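See below for the structure under consideration.
Just so you know, these numbers come straight off a predicted model, no measurement behind them.
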Amino acid sequence: MMPRRSDPTAGFALPLTIFVLTLVTIMLAAVMVQVQADRRIAQSSGDIVEALVIAQAGLERYMGHYDSSSTRPPDGDSLRINLTGGYADVVAQVVRRPADTTAGMLYIVRSRGRVIKPTQGADPQAVRLVAQFAVWQSATMDVLGALTAVNDFACSSCGGTYLLIGHDQCGVMSSVPGLRTPNGPTSNAVPPYIDPATLEGPSASTFASEAFIGIDWAAVIGGSFVPDYTSLVNTSSWASYLLPNNTTLTDVSGTGLLVVDGDASFEGSYFDWRGAVIVGGFVEFEADTTRVQGVMVTGIEQQIMSPPSTGRWGETGTHVEVTYNSCYVRNAFTSLAGLTPVPGGWMDNWASY
């Protein structure tokens with residue numbers, strides 16, 4: 001019987017299999033570690049983005065909290081705002097304080113957003129800080145008369161009825177002139193019924209100035225005044241409107257602050273407005289009935305260009321009525337009060353600066 005020859009490869013299969021399995025296991029473990037790391041990075045990135053959203057939402061909620069408010073926030077004012085997925089701590093600090101007034105006060109409003117996941121404990125999973133420079137804007141207007149006409153009024157064939165009342169219809173024992181002009185109605189004007197009487201002067205150039213009339217027309221039409229609307233929509237909401245160029249208003253009624261960049265012509269059956277009407281150029285009262293309850297100002301564009309034409313009273317059959325009402329004036333400017341963001345004044349990760 002021949003002896004069995006030994007196989008030199010015998011016994012290597014099992015160690016080789018174990019080695020391969022070990023190598024595959026290590027590779028799989030490495031892949032799992034990498035996947036888990038990538039998952040954590042992606043989750044952390046998502047949490048950071050969510051923290052940014054919460055911080056920005058808290059900032060906007062805080063700004064909205066003081067929107068249309070007559071009381072400015074105190075220096076160091078803070079507010080915690082709870083939101084879905086976390087909360088934002090907002091702090092407002094004064095960085096520029098005018099010497100003689102609270103108007104125009106500059107704030108830095110910081111919002112720190114924190115992401116909270118109840119399943120992972122009470123500690124924030126991500127934090128983000130944003131900041132916004134904002135100016136406190138007061139809602140006021142110097143009322144010189146129920147109808148203040150920088151450019152006067154006149155007509156050649158007046159035959160309507162006119163009623164200009166400066167006694168406050170808000171229940172306050174105060175009054176302003178029914179008509180305020182630099183020179184009084186021009187010689188060919190039919191004086192309307194005015195109570196109290198017309199108060200004239202100073203000169204037209206001084207009268208039109210920002211210092212006297214209290215309105216910076218260049219700033220208004222240059223972008224500093226940001227209206228709610230640039231057309232007459234939602235006119236019962238005490239909103240603000242800026243109508244560009246010359247405008248014809250036919251059968252219009254509404255409430256709020258109405259600003260017309262150019263000339264304004266009231267036509268049709270009626271123009272009925274509660275609040276404040278400010279017209280850069282001249283006004284034509286051609287509607288059957290024109291009624292403004294609050295205050296009306298015309299001709300202010302004289303601040304930046306040649307004087308506009310003289311305003312025109314309506315002809316026979318028209319009725320013009322302007323009555324001072326401080327409550328309606330206050331309501332008209334309410335939407336402009338509050339913290340106004342400074343353009344280009346938003347910053348991310350404020351703490352890193």
Side-chain angles (χ1 to χ4, degrees), residues 141-155 162 164 176-183 185-186 189 192 204 207-210 212-222 224-225 227-232 235 239-268 270-287 289-314 318 320-325 328-329 332-333 336:
M141 179 181 181
D142 295 331
V143 178
L144 303 180
L147 172 58
T148 300
V150 177
N151 55 328
D152 289 331
F153 271 89
C155 67
Y162 315 101
L164 305 182
V176 296
L179 174 65
R180 184 70 185 265
T181 68
N183 303 309
T186 54
F207 193 95
S209 67
E210 176 192 351
F212 184 80
I213 207 165
I215 299 174
D216 184 354
W217 188 246
V220 169
I221 64 175
S224 295
F225 168 51
D228 296 316
Y229 304 101
T230 54
S231 61
L232 289 177
T235 55
S240 58
Y241 307 85
L242 175 59
L243 306 184
N245 306 318
N246 300 333
T247 301
T248 298
L249 301 169
T250 303
D251 296 340
V252 169
S253 65
T255 60
L257 172 61
L258 174 60
V259 180
V260 179
D261 187 354
D263 305 327
S265 178
F266 305 135
E267 299 183 359
Y270 60 89
F271 176 82
D272 194 341
W273 195 267
R274 290 180 294 165
V277 178
I278 301 176
V279 180
F282 69 84
V283 168
E284 290 183 303
F285 294 115
E286 299 296 335
T289 301
T290 298
R291 180 177 290 107
V292 176
Q293 301 176 70
V295 67
M296 186 173 189
V297 183
T298 72
I300 312 178
E301 66 183 24
Q302 185 172 332
Q303 288 182 1
I304 59 175
M305 59 181 68
S306 58
S309 301
T310 302
R312 301 183 183 95
W313 300 116
T318 61
V320 177
E321 181 178 326
V322 182
T323 57
Y324 174 52
N325 189 307
Y328 290 162
V329 173
F333 283 86
L336 302 182

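- The side-chain hydrogen bond (donor to acceptor under 3.5 Å, both in side chains) test applied to Gln293 returns no partner, not counting sequence neighbours.
- Of all heavy-atom pairs spanning Phe333 and Ala276, the tightest one is CE1-CB, 3.8 Å.
- To the nearest 0.5 Å, atom CD of residue Glu267 and atom CD of residue Glu286 are 6.5 Å apart.
- Tyr162 has its side chain out of reach of Thr290: every pair of non-hydrogen atoms, C-beta onward, lies at least 4.5 Å apart.
- Put simply, CZ on Phe271 and OG1 on Thr250 are 11.0 Å apart, with the number rounded to the nearest 0.5 Å.
- Heavy atoms only, all atoms of each residue included: Arg180 and Leu144 are closest at CB-O, 3.7 Å.
- Residues Thr318 and Phe285 come closest through the heavy atom pair CG2-O, 4.3 Å.
- Note that the CD atom of Gln303 and the CD1 atom of Ile215 stand 7.5 Å from one another [nearest 0.5 Å].
- To the nearest 0.5 Å, atom CZ of residue Phe282 and atom CD of residue Glu301 are 9.5 Å apart.
- At a threshold of 4.5 Å between non-hydrogen side-chain atoms, the residues Asp142 and Phe212 do not count as touching.
- The residue from Phe266, Tyr270, Trp273 that alone fulfils the side-chain contact (heavy atoms from CB on, under 4.5 Å) condition with Val252 is Trp273.
- For the pair Trp217/Asp261, a side-chain contact is recorded, criterion being any heavy-atom separation below 4.5 Å from C-beta on.
- Counting heavy atoms from C-beta outward, Ile304 and Ile221 have side chains that approach closer than 4.5 Å.
- In this structure, Gly275 and Ala332 approach most closely via the heavy-atom pair CA-CB, 3.9 Å.
- Shortest non-hydrogen contact noted between Val260 and Asp263 is CG1-O, 3.7 Å.
- Taking all atoms of both residues into account, the shortest heavy-atom contact from Leu243 to Thr230 is CD2-O, 3.7 Å.
- Atom OG1 of Thr235 and atom OH of Tyr229 lie 9.5 Å apart (nearest 0.5 Å).
- Between the side chains of Thr289 and Asp272, no donor-acceptor pair of N or O atoms lies under 3.5 Å.
- Side chain of Asp228 to backbone of Ser240: a donor-acceptor contact under 3.5 angstrom is found.
- Contact annotation: the side chain of Leu249 approaches that of Leu258 to within less than 4.5 Å [non-hydrogen atoms, C-beta and beyond].
- Annotation: the span from Ile213 atom CD1 to Ile300 atom CD1 amounts to 5.0 Å, rounded to 0.5 Å.
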